[in-house]
Amino acid sequence: MQSIVKNFIQEPNAYYLFLIEDIYDYLALSLREEDQHLFEILVYYLLWSIEKGNLCIDLDDPMYLNLFKQECLNLNSIELNQLKIIINKIKDFPNYNKIFELYQERFLFFKKHYDAQILLKQKIESLKNHQHDKTELLDTQKILSYFESIPTRLNLMQKLGVLLSLPQRFLIISGGPGTGKTTIASHIIGLHLFLGMSPYRIAISAPTGRAASRLYESLKSQLDTKDIELIEPKTLHRLLNFRPFKNEFYYGENNHLPFDLILVDESSMIDVFLLKQLFSAISFEKTKLILLGDHNQLPSVQEGNTLSDLIPTSNIQPSKKTQEFLLSFFPNEPIEINKINPYFVELKESYRSKKIIKLLADSIIKNEDYKMYLNYNDEVQWIEEENPKQIEKILLDFVNDHIIKKIRDDLKVIQQIPKEEWSQDISDNNPIHRIYETIVNYKILTPYNSGNFGVQTINEMILNHFFKKKVSSGIPIIIKENDYHNNLYNGDIGVILQDKNNNFYACFKSSNQYIFYSFLSLSLFDYSFAITIHKSQGSEYKKVLLILPERKEQESSELINRQILYTGITRTKETLILVSSYNTLEKAVKNKIIRISGIKIW
């Protein structure tokens with residue numbers, strides 16, 4: 001048991017290891033053997049809860065303790081009151097308060113999780129208590145002229161989101177794919193530029209490089225201004241200037257980010273510690289923070305459910321100044337200004353021509369009847385299949401039809417040219433562009449990384465079938481860890497290419513050109529014909545083959561759930577092929593992720 005605790009604590013902070021050993025020394029001297037055993041179970045329970053994505057354990061929730069006992073211990077004699085008693089016995093021990101925190105006599109945290117959640121709460125409290133809506137400084141006529149000048153006609157909620165970004169220092173805009181989040185983002189930036197904000201005082205970011213680049217490309221396509229080219233898309237780690245050799249961020253509580261407006265996409269992917277760092281690095285006296293995301297998507301891989309936790313309660317009203325400001329723009333609209341949430345805008349209207357995919361995803365996330373949308377025209381195809389051989393054939397046919405056949409001729413063209421003559425242009429005339437677009441637009445998704453029809457087995461199957469397990473031109477890859485030397489980041493998608501001299505390179509897309517790296521210079525990466533649904537967040541594809549393989553009950557309970565199914569479905573823009581048994585599909589819809597945060601931020 002002690003080794004489990006050490007392994008967990010040593011990773012994030014070596015100092016914790018010293019502290020926990022100190023606790024054990026006092027336990028040996030001060031507690032009976034039975035109490036020492038109870039303390040170990042308590043710590044194990046907290047570790048188990050953290051691994052589930054929670055920030056703490058709820059000492060008033062017997063159902064969750066029962067789940068823990070069934071999955072880990074099967075010790076029916078352990079009860080919540082015993083765990084509460086042992087906490088009371090150790091809370092006066094030296095260093096206890098440096099390791100644990102008991103909040104409201106109910107929620108037990110590791111100190112680092114408690115500190116992160118408390119900082120977010122304090123920042124939000126400060127924000128609420130010090131309104132900064134200096135609406136009298138805003139030029140209403142100039143703002144109206146901006147809306148009249150743009151070709152896009154925003155719906156009511158989109159317009160509201162853009163307008164709220166002017167007086168508010170913090171704003172969440174949530175909505176599913178196709179609801180216009182990037183349209184709002186483009187006009188938030190466009191309006192601030194129009195009103196005189198310098199592009200150098202605006203930052204756009206996302207948790208992954210791929211998501212940041214996709215946001216930037218969308219903004220460029222929608223904004224008719226060259227100022228957008230002066231705004232560099234960055235991952236959150238780059239924005240906060242993470243220094244890997246020191247394992248620290250340059251920007252933080254004592255050194256705030258030098259921007260007036262920060263816009264962050266795919267915010268549901270941010271874990272509680274990275275969000276804490278972002279909030280620490282922002283002075284809401286000077287900087288506005290706009291978070292874009294879909295709160296119905298999967299929460300972050302690490303602990304926390306940050307986007308959902310940050311959504312304010314519905315009883316918050318805009319200030320009188322903000323209400324008066326908004327009334328200038330909605331004189332005849334059916335909207336009750338005094339009832340809107342000034343910190344949160346939810347988009348529900350979809351603008352995609354493919355409606356069935358959204359209807360399917362919405363019905364799943366709401367636990368409504370979704371079956372009517374399966375096998376619907378050419379948008380959704382459900383293949384009810386459990387036979388491994390048949391699933392393997394479906395996978396190989398998908399790759400052959402949508403990738404191998406389409407890129408074969410273009411691969412031959414570039415293999416006749418030395419790398420120095422490869423075009424970096426992003427245009428349909430460039431064979432490399434056609435190869436890359438094919439690679440990134442057709443994707444196999446699965447919940448699992450390993451095991452039966454996990455990412456590793458699917459990619460090995462494809463590599464063996466089409467490439468005889470050799471490094472070959474046309475194989476897609478995905479970066480596994482941030483590579484600061486090559487300026488590549490976790491989640492970036494590339495493709496292996498071979499030139500005339502039989503040298504292999506990895507091609508990646510930057511904001512305005514293709515960049516080629518020697519294949520041998522790359523750090524950690526995976527092959528990526530198939531990727532996990534978690535890894536797919538922040539990306540969209542023309543066609544998705546979504547595999548939900550059969551697994552044992554205990555294996556599937558973690559990764560077969562409503563949010564993972566919703567996220568996988570909503571990665572596709574045009575066509576979804578879903579391969580799953582009916583039982584697995586039903587299991588996913590009924591299993592909803594609920595994470596325990598303990599502290600309400602609002």
Side-chain angles (χ1 to χ4, degrees), residues 151-152 182-183 185-186 189-190 199 204 206 208-234 265 352-353 399 401-443 472-479 486-489 491-501 503-519 522 528-529 538-544 571-575:
T152 310
T182 52
T183 297
S186 66
I189 290 175
I204 56 175
T208 68
R210 174 68 181 157
S213 295
R214 194 166 63 84
L215 174 62
Y216 178 72
E217 289 161 9
S218 297
L219 297 180
K220 274 182 48 174
S221 67
Q222 296 192 49
L223 285 177
D224 185 21
T225 173
K226 289 191 174 181
D227 279 347
I228 192 65
E229 296 178 7
L230 302 175
I231 304 172
E232 181 188 0
K234 295 181 178 180
D265 199 10
R352 285 190 179 165
S353 58
V399 172
D401 293 342
H402 297 296
I403 298 177
I404 302 298
K405 287 181 179 179
K406 288 185 177 183
I407 67 175
R408 185 177 292 147
D409 291 342
D410 283 327
L411 288 176
K412 290 178 180 177
V413 170
I414 65 165
Q415 282 178 244
Q416 297 170 5
I417 305 170
K419 178 254 182 182
E420 290 73 23
E421 296 179 21
W422 284 352
S423 171
Q424 294 180 288
D425 293 343
I426 296 177
S427 74
D428 289 336
N429 295 324
N430 182 1
I432 290 174
H433 177 69
R434 294 194 294 268
I435 293 167
Y436 188 88
E437 286 300 299
T438 300
I439 287 294
V440 299
N441 273 304
Y442 298 93
K443 195 62 64 182
S472 302
S473 194
I475 295 176
I477 59 175
I478 184 169
I479 298 298
N486 284 319
N487 206 26
L488 295 171
Y489 296 89
D492 284 354
I493 297 288
V495 58
I496 299 172
L497 300 175
Q498 185 179 12
D499 75 348
K500 183 179 180 180
N501 300 317
N503 295 315
F504 287 101
Y505 297 90
C507 169
F508 290 85
K509 188 178 184 181
S510 72
S511 56
N512 55 8
Q513 65 178 0
Y514 288 102
I515 299 176
F516 310 108
Y517 301 89
S518 168
F519 183 66
L522 295 182
S528 64
F529 287 103
S539 298
E540 290 182 311
Y541 315 99
K542 281 187 179 179
K543 193 167 189 174
V544 164
R571 295 312 87 204
T572 184
K573 294 184 286 187
E574 296 182 5
T575 308

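Keep in mind the model is a prediction, meaning the values are calculated, not measured.
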Is there side-chain contact between Leu497 and Trp422, with at least one heavy-atom pair below 4.5 Å?
-> yes
Output for pair (Tyr216 OH, Lys234 NZ), nearest 0.5 Å, gives 12.5 Å
Is there side-chain contact between Ile189 and Leu223, with at least one heavy-atom pair below 4.5 Å?
-> yes
Distance from Ile493 atom CD1 to Ser213 atom OG, nearest 0.5 Å?
-> 11.5 Å
Give the C-alpha distance, both sets of side-chain angles, the deciding distance and a yes or no for side-chain contact (heavy atoms from CB on, under 4.5 Å) between Asn441 and Lys543.
-> CA-CA 6 Å; Asn441 273 304; Lys543 193 167 189 174; over 6 Å; no
In sequence, state the C-alpha distance, the side-chain angles, and the governing distance for Thr183 and Gln222, and then conclude on side-chain hydrogen bond (donor to acceptor under 3.5 Å, both in side chains).
-> CA-CA 7 Å; Thr183 297; Gln222 296 192 49; 3.3 Å; yes
Nearest heavy-atom pair of Pro199 and Ile231: which atoms, and what distance?
-> O-CG1, 3.5 Å
Is the shortest distance from a Lys or Arg side-chain nitrogen in Arg214 or Glu540 to a carboxylate oxygen in the other one below 4.0 Å?
-> yes
Side chains of Phe516 and Gln424: closer than 4.5 Å at any heavy-atom pair?
-> yes
Rounded distance [0.5 Å steps], CD1 in Ile228 versus OG in Ser221 | 10.0 Å
Where do Asp499 and Ile414 land on the side-chain contact (heavy atoms from CB on, under 4.5 Å) test, with the steps shown first?
-> CA-CA 6 Å; Asp499 75 348; Ile414 65 165; over 6 Å; no
Where do Asp492 and Thr208 land on the side-chain contact (heavy atoms from CB on, under 4.5 Å) test, with the steps shown first?
-> CA-CA 7 Å; Asp492 284 354; Thr208 68; 5.8 Å; no
Compare every heavy atom of Ala212 with every heavy atom of Pro233, then report the nearest pair and how far apart it is.
-> CB-O, 3.6 Å
Side chain to side chain contact (heavy atoms under 4.5 Å, CB included) partner of Thr438, chosen from Val495, Asp410, Ile407 | Ile407
Please name the pair of heavy atoms, one in Tyr541 and one in Val440, separated by the smallest distance, quoted to 0.1 Å.
-> CD2-O, 2.8 Å
For Phe529 and Pro476, work out which heavy atoms get closest and say how close.
-> CZ-CD, 3.3 Å
Is any side-chain heavy atom of Ser528 closer than 4.5 Å to a side-chain heavy atom of Lys443?
-> yes
Point-to-point distance, once rounded to the nearest 0.5 Å, from CZ of Arg408 to OG of Ser473 = 13.0 Å
Enclosure of Asn501 CG (heavy-atom neighbours >12, cutoff 6.0 Å) | yes
Under 4.5 Å between any side-chain heavy atoms of Lys406 and Arg434, yes or no?
-> no
Considering non-hydrogen atoms only, spot the tightest contact between Ala185 and Leu215 and give its length.
-> CB-CD1, 4.3 Å
Is there a donor in the side chain of Gln498 and an acceptor in the side chain of Ser472, or the other way round, less than 3.5 Å apart?
-> no
Is there a side-chain contact (heavy atoms from CB on, under 4.5 Å) between Phe508 and Ile479 once you walk through the steps?
-> CA-CA 10 Å; Phe508 290 85; Ile479 298 298; 3.8 Å; yes
Are Ile496 and Tyr505 close enough that some pair of their side-chain heavy atoms sits under 4.5 Å apart?
-> no
Is there a donor-acceptor pair under 3.5 Å between the side chain of Thr182 and the backbone N or O of Ser218?
-> no
So, the side chain of Asn486 versus the backbone of Leu488: is there a donor-acceptor pair under 3.5 Å, distance only?
-> no
Determine the interplanar angle of the His402 and Tyr442 rings, folded into 0 to 90°, and report it as parallel if under 30°, tilted if 30 to 60°, perpendicular if over 60°.
-> parallel
Could you give the distance from NE2 (His433) to OG (Ser423), rounded to the nearest 0.5 Å?
-> 10.5 Å
Tyr436 to Gly494 - nearest heavy-atom pair and separation = CE1-CA, 4.2 Å
Any side-chain heavy atom of Lys509 within less than 4.5 Å of one from Glu217?
-> yes
